[in-house]
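Structure, as structure tokens:
Below, chain A is the first sequence line, B the second, and so on; all start at residue 1.
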Number of protein chains: 2
Amino acid sequence: MKLTANKIAGVLREHGYKLTPQRHAVLKVIAASYAHLTPEAIYEKVHLENSDIGLVTIYRTLDILRELNLVCRMHAPDGCRSYMMRRPTEHHHHLVCSSCGRVVDFAGCDLVDLEKRLARETRFEINGHLLELYGLCPDCNLASR
Amino acid sequence: MKLTANKIAGVLREHGYKLTPQRHAVLKVIAASYAHLTPEAIYEKVHLENSDIGLVTIYRTLDILRELNLVCRMHAPDGCRSYMMRRPTEHHHHLVCSSCGRVVDFAGCDLVDLEKRLARETRFEINGHLLELYGLCPDCNLASR
DNA sequence: CAGTAAGTGAAAAATATTATCATTTGTAAT
DNA sequence: ATTACAAATGATAATATTTTTCACTTACTG
């Protein structure tokens, strides 16, 4: 898949956000990676090309991108501070490599039966879920032998 | 279910941890609640009865309790800073009320088929998952009409 | 009941995130 | 092109959260 940063830049405009070089740089970095990145990590990568950008701008940009559903936040058992491109816009989940951080998206979590069962048993009105799978990607798996 | 704080205190001892009044107080508060509580919230509740306990001790105690698998951390879409009693010791998940924070545990997430499918498609070696369901508990649901 | 390793509180440090504000800049209307 | 202006930025400070340090205290063993 090609970099979609430019296409996404259009979405920013549609929603009344200006397209600044800083935002472009952040988008480029996130779009170029298939792993999850912390704000700090994004900051460092952005700095390699564009050294006069502040960490604060990274945070601000991430807020907007999240609002526009352009990025996802990654949930790990011990924290949830990293972000990645939201490649499929629809409902989906992540399969994350615990070693290198690579993320594969997938749809079809199929929790409908489970949710029905629990709604019946608990009388809760269920309206959302969080699901992340963890494992080792083929590369890291090989490397660890 | 009765307070299990005393029984659990024994587990601390078994693992070489001393049973201090502070730890007892923290355990009592967590065991008494069926919602998820942040360290700060636990601190405040503990203070009502035992005002000379520091926030640091709450953090230290939570670390130990987590190490011993006595508490679970709650993952919410926008943060994961709260803890609750681990009622079933086995693998389980949470159904959380977004309004009052009440938590119901459940087992039988049955993601085996999904994991098999993904393992085949991605060649990942899958070894864990994070699943939390959100909704409204019967009480909050009624109250919101 | 004494010795000791473990635990504690207070304060400081480290980390992470958000707010403030003077200055700059992207964009749309001239 | 130029201009006007709201929006965005960087620097700094403020806030929030968690961890570290250390002198003192205490639960537990024998």
Item to complete: Return yes if a side-chain donor-acceptor contact under 3.5 Å exists between B/H129 and A/H93, otherwise no.
Response: no
Discussion item. Would you say B/E132 and B/H94 are linked by a side-chain donor-acceptor pair, where the criterion is simply a distance under 3.5 Å?
Written reply: yes
Worksheet item: Side-chain N or O of B/R60 less than 4.0 angstrom from OP1 or OP2 on D/dT19?
Response: no
Worksheet item: If each of A/D52 and B/P21 is mapped to the nucleotide of DNA chain D with the nearest heavy atom, which maps nearer the 5' terminus, i.e. the 5' end?
Response: A/D52
Let me know the distance between [atom1] of [X] and [atom2] of [N], rounded to the nearest Å.
X	N	atom1	atom2	result
A/Y43	C/dA16	OH	C1'	14 Å
A/L37	C/dA16	CG	P	15 Å
B/L12	C/dT8	CG	P	10 Å
A/Y59	D/dG10	OH	C1'	16 Å
B/H24	C/dT8	NE2	P	13 Å
B/Q22	D/dT25	CD	C1'	10 Å
A/L19	C/dT25	CG	P	15 Å
B/R13	D/dT26	CZ	C1'	14 Å

From [options], nucleotide with atom closest to [X] side chain:
X	options	value
B/R23	C/dT17, D/dC28, C/dG7	C/dG7
A/T20	D/dT9, D/dC28, C/dT27	D/dT9
A/Y17	C/dT27, D/dA8, D/dT19	D/dA8
B/L55	D/dT18, C/dA16, D/dT21	D/dT18
B/K18	C/dA5, C/dT17, D/dT19	C/dA5
A/R81	C/dT8, D/dT18, C/dT17	C/dT17
B/V56	C/dT18, C/dA11, D/dT18	C/dA11

Fill in: B/R23 (side chain) donor-acceptor with B/K18 (main chain) under 3.5 angstrom
yes
Worksheet item: Judged by atom type as modelled, is there a donor-acceptor pair below 3.5 Å linking the side chain of B/H92 to the main-chain atoms of B/P88?
Response: yes
Item to complete: May I ask you to establish whether A/R102 and B/F124 are in a cation-pi arrangement, using a distance under 6.0 Å from NZ or CZ to the six-membered ring centre and at most 45° from the ring axis?
Response: no
Item to complete: Give one of base, sugar-phosphate or nothing for B/E40, where a contact means two heavy atoms less than 4.0 Å apart.
Response: nothing
